[in-house]
Q: 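Encoded as structure tokens, here's the structure I'll be asking about.
Heads up: numbering here begins at 1 and tracks the sequence. From a predicted model like this one, the values you see are computed outputs, not experimental measurements.
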Amino acid sequence: MNKIRVRVADWLKDNAEIRRIREAVFIAEQSVPPELEWDSDDDGAVHFLAFEGDFPIGTARLLPSGEIGRVSVLKDWRGLKVGDALMEAVIAETERRGQTRQFLSAQVYAAPFYERLGFKVVSDEFLEVGIPHVDMVRGD
């Protein structure tokens, strides 16, 4: 396996790759309705793409508020620290912007992954698009 690298994506230029990954993970695998996956927040977000070689295998977005979302890795690359690389890049970008607090809504099964990265659960479990989630915060 090649080394995983992450870069800030251009929503307009990289849109097809971002959509391909999110559609595979959220719409195809998790049955999220397309009209709930795509929202107006994408236009103003900073997007990230993770690559193995030249092939995009994961994505995430950062909203101006410091909210991290749409963290997704294609099935064949899970368990290979792609999510860690994506999240490290997103956290570094928030810190570069002076945002010392990051937050997200995590699917409950993924909460331990985010806890390893310093996030803490700050809510009771709730349903979002029919999937159990918890709110999590990192930093002050």
Side-chain angles (χ1 to χ4, degrees):
M1 182 175 92
N2 290 320
K3 184 168 170 45
I4 303 300
R5 66 181 175 85
V6 178
R7 70 163 169 81
V8 171
D10 180 307
W11 174 242
L12 297 176
K13 291 179 185 164
D14 297 314
N15 188 279
E17 297 296 353
I18 293 166
R19 290 176 91 68
R20 178 181 59 81
I21 295 164
R22 284 171 47 183
E23 286 172 1
V25 173
F26 296 120
I27 297 170
E29 285 182 40
Q30 298 181 0
S31 301
V32 172
E35 62 273 15
L36 297 178
E37 174 57 27
W38 307 111
D39 60 29
S40 60
D41 288 339
D42 279 319
D43 287 337
V46 177
H47 294 269
F48 298 81
L49 277 171
F51 294 82
E52 180 185 20
D54 292 331
F55 187 67
I57 57 173
T59 189
R61 77 177 184 187
L62 172 64
L63 300 181
S65 64
E67 181 178 4
I68 299 167
R70 304 304 200 267
V71 179
S72 47
V73 175
L74 294 174
K75 194 175 202 168
D76 290 345
W77 284 270
R78 291 184 198 145
L80 302 174
K81 304 289 185 193
V82 178
D84 292 71
L86 266 171
M87 287 300 297
E88 287 165 9
V90 176
I91 290 166
E93 180 65 17
T94 64
E95 290 173 351
R96 188 187 70 72
R97 293 167 172 247
Q99 295 170 304
T100 56
R101 179 180 181 270
Q102 302 92 34
F103 63 100
L104 52 84
S105 290
Q107 293 180 9
V108 169
Y109 83 89
F113 163 75
Y114 294 109
E115 286 174 328
R116 256 192 322 102
L117 296 168
F119 287 83
K120 294 185 180 5
V121 175
V122 295
S123 75
D124 291 331
E125 197 173 298
F126 60 92
L127 286 180
E128 190 171 303
V129 296
I131 301 168
H133 281 69
V134 289
D135 286 333
M136 302 186 80
V137 173
R138 179 182 182 278
D140 38 355

Q: Sequence neighbours left out, what passes side chain to side chain donor-acceptor pair (under 3.5 Å) with Q99? Give chain and number order.
A: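 Expected list: none.
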Q: Please identify each residue that fulfils salt bridge (Lys or Arg N to Asp or Glu O under 4.0 Å) with D135, with sequence neighbours left out.
A: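 None.
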Q: The criterion is side chain to side chain contact (heavy atoms under 4.5 Å, CB included); which residues satisfy it with R78, sequence neighbours excluded?
A: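 Checked R78 against side chain to side chain contact (heavy atoms under 4.5 Å, CB included); matches are V25, E29, V73, K75.
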Q: What pairs with R19 under salt bridge (Lys or Arg N to Asp or Glu O under 4.0 Å), at least two apart in sequence or on another chain?
A: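 In terms of salt bridge (Lys or Arg N to Asp or Glu O under 4.0 Å), with neighbours along the sequence ignored, R19 is linked to no residue.
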Q: Determine whether V71 and L104 make a side-chain contact, defined as any pair of heavy atoms from C-beta on separated by less than 4.5 Å.
A: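 A side-chain contact is absent here, since even the closest heavy-atom pair is not under 4.5 Å.
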Q: Test of understanding: with salt bridge (Lys or Arg N to Asp or Glu O under 4.0 Å), list the residues that count as partners of D39, not counting sequence neighbours.
A: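 Result, salt bridge (Lys or Arg N to Asp or Glu O under 4.0 Å) vs D39: R61, R70.
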Q: Using a side-chain heavy atom cutoff under 4.5 Å and only I, L, V, M, F, W and Y, what cluster partners does L63 have?
A: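 Traced through the cluster, L63 reaches no other member.
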Q: Please give the remaining members of the hydrophobic cluster of F103, linking ILVMFWY side chains under 4.5 Å, ordered by chain and number.
A: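 Members besides F103, by chain and number: V122, V137.
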Q: Applying side chain to side chain donor-acceptor pair (under 3.5 Å), can you list everything that pairs with E88, at least two apart in sequence or on another chain?
A: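 If we apply the side chain to side chain donor-acceptor pair (under 3.5 Å) test to E88, skipping adjacent residues, there are no hits.
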Q: Under the ring-ring contact (aromatic ring centres under 6.0 Å, His included) rule, what pairs show up with a residue in residues 14-46, not counting sequence neighbours?
A: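 Sorted result for residues 14-46: empty, none.
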Q: Taking S72 for its side chain and G58 for its backbone only, find out whether a donor-acceptor pair lies under 3.5 Å.
A: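 Side chain of S72 to backbone of G58, a donor-acceptor pair under 3.5 Å: no, none is there.
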Q: Which donor-acceptor pairs under 3.5 Å do side chains of residues 108-115 form with protein atoms, sequence neighbours excluded?
A:
none

Q: What pairs with F55 under ring pair (Phe, Tyr, Trp, His ring centres under 6.0 Å), at least two apart in sequence or on another chain?
A: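 Ring pair (Phe, Tyr, Trp, His ring centres under 6.0 Å) list for F55, sorted by chain: W77.
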Q: Return the set of residues passing salt bridge (Lys or Arg N to Asp or Glu O under 4.0 Å) with E67 (not counting sequence neighbours), or none when no residue passes.
A: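 Once residues adjacent in sequence are excluded, E67 has no partner under the salt bridge (Lys or Arg N to Asp or Glu O under 4.0 Å) criterion.
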